[in-house]
Amino acid sequence: MAEAKTAVIYPPIYGPDSDPPAIFDGTTRLYLSYVCPYARRAWITVNYKGLHGQVQFVPFDLKNRPAWYKEKVYPLNKVPSLEHDNKIIGESLEVVKYIDTQFEGPKLIPQDPARKEFAEEMAAYSDTFVKNMWTTFRSEGDAATEMGSTLDHLENCLYKFEDGPFFVGHFSFADIAFVTFIEEAHDVLMKKKNYDITTGRPKLGTWIEEMHKIDSYTVTKVPPHV
C-alpha cells in the first residue's frame, strides 16, 4: 500500500501555563515536540498512515513543558507518548509499532518473517548509532575515526534484500528509527567537522535521497515557525 497523502498540520505549542486537553476522554493524542528526533519518529508514522483525522497532536516546547504532562499523562515526562484507549504508550519505537498495529493505513512492520526480524535488528541498532553520534558531536576528535565503523555498518546493511533502497527493501519502521538521527548527523558533522557521512557510502547516500521523496518525513523537518 502506498504512502497516505500527508497533511501539513502544526497545532499551537502548549506552554507551561497552558491548560491541559480533556485527558482520557476517548480522544487519541500524540504528545510530541516538533524538533525532537525521537518524537518525529511518531509524527512520521502518523503522516505515513494518514491518521491526522484520528490523532490529535499535543506539541510542547521541551524546555517549558506544562507540569500537568508529568503529573497527569506520562510520569517519565518524555516525548513522544500516545494516549489511546485510556492508556499511555511511551518510547518512540514502541509508539511507532503500536500505531502501525492498531490503526489502518500502509504497514510499516514487514509481513515477511525474515524482513521483520531484520527490521527489529536495525531498530535496536539505532540506539548504538545515536549514542555514537552524540559522542562524536561532543568530541574534538576525528569524525571518521569515531563514527566511521557505525556508518559503515549501515552501509553494509542497506540493500540486504536487493529489491529496494531501504533496510528491508521497502520503507519500514527500521527506516523511521534512523532517519531523523541520520539527518542530524549529516547536517551537524558537515557543519562542525566538515565530514560528509555519505562519502564512500553510496548506498547511504541513495537512502538519504530516497527518504527525501517521502513526504511523511520531509514535512517533519524543522517547521518554518519554530
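Bear in mind that the values here come from a model prediction, so they are computed numbers and not experimental data. Side chains included, hydrogens not; waters and symmetry mates left out as well; all remaining heavy atoms used.
- Pairs of residues two or more places apart, or lying in two chains, never qualify as salt bridge (charged side-chain N to carboxylate O under 4.0 Å, His left out) while including a residue from residues 51-67.
- Residues passing the side-chain hydrogen bond (donor to acceptor under 3.5 Å, both in side chains) test with S33: none are found, sequence neighbours excluded.
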Acceptor/donor pairs from residues 12-19 side chains to any protein atom, 3.5 angstrom cut, sequence neighbours excluded:
from : atom 1 : to  : atom 2 : distance (Å)
S18  : OG     : G15 : N      : 2.7
S18  : OG     : G15 : O      : 3.3

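- Pairs passing the salt bridge (charged side-chain N to carboxylate O under 4.0 Å, His left out) check and including a residue from residues 30-40, sequence neighbours excluded, read R40-E183.
- Rounded to the nearest 0.5 Å, atoms CD1 (I176) and OG (S126) are 11.5 Å apart.
- In this structure, the side chain to side chain contact (heavy atoms under 4.5 Å, CB included) partners of N132, at least two apart in sequence or on a different chain, are T128, T150.
- D196 is linked by a salt bridge (charged side-chain N to carboxylate O under 4.0 Å, His left out) to nothing, counting only residues two or more places apart in sequence or in another chain.
- Sorted by first and then second residue, the salt bridge (charged side-chain N to carboxylate O under 4.0 Å, His left out) pairs involving residues 21-36 (not counting sequence neighbours) are D25-R29, R29-E83.
- For residues 87-96, the set of pairs meeting the side-chain hydrogen bond (donor to acceptor under 3.5 Å, both in side chains) definition, not counting sequence neighbours, comprises R41-S92, K78-E91, K87-Y98.
- With a 4.5 Å cut-off on side-chain heavy atoms, M211 and W207 count as touching.
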Return all side-chain donor-acceptor pairs below 3.5 angstrom for residues 158-171, not counting sequence neighbours, or 'none' if the list is empty.
from : atom 1 : to   : atom 2 : distance (Å)
D163 : OD1    : R115 : NH1    : 3.2
D163 : OD2    : R115 : NH1    : 3.1
D163 : OD2    : R115 : NH2    : 2.9

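- Remark: K213 pairs with E210 by the salt bridge (charged side-chain N to carboxylate O under 4.0 Å, His left out) rule, at least two apart or across chains.
- Applying the side chain to side chain contact (heavy atoms under 4.5 Å, CB included) rule to S139 yields the partners E146, K193; only residues at least two apart in sequence or on another chain are considered.
- Under the salt bridge (charged side-chain N to carboxylate O under 4.0 Å, His left out) criterion, the residue pairs touching residues 149-158 are D152-R201, with sequence neighbours excluded.
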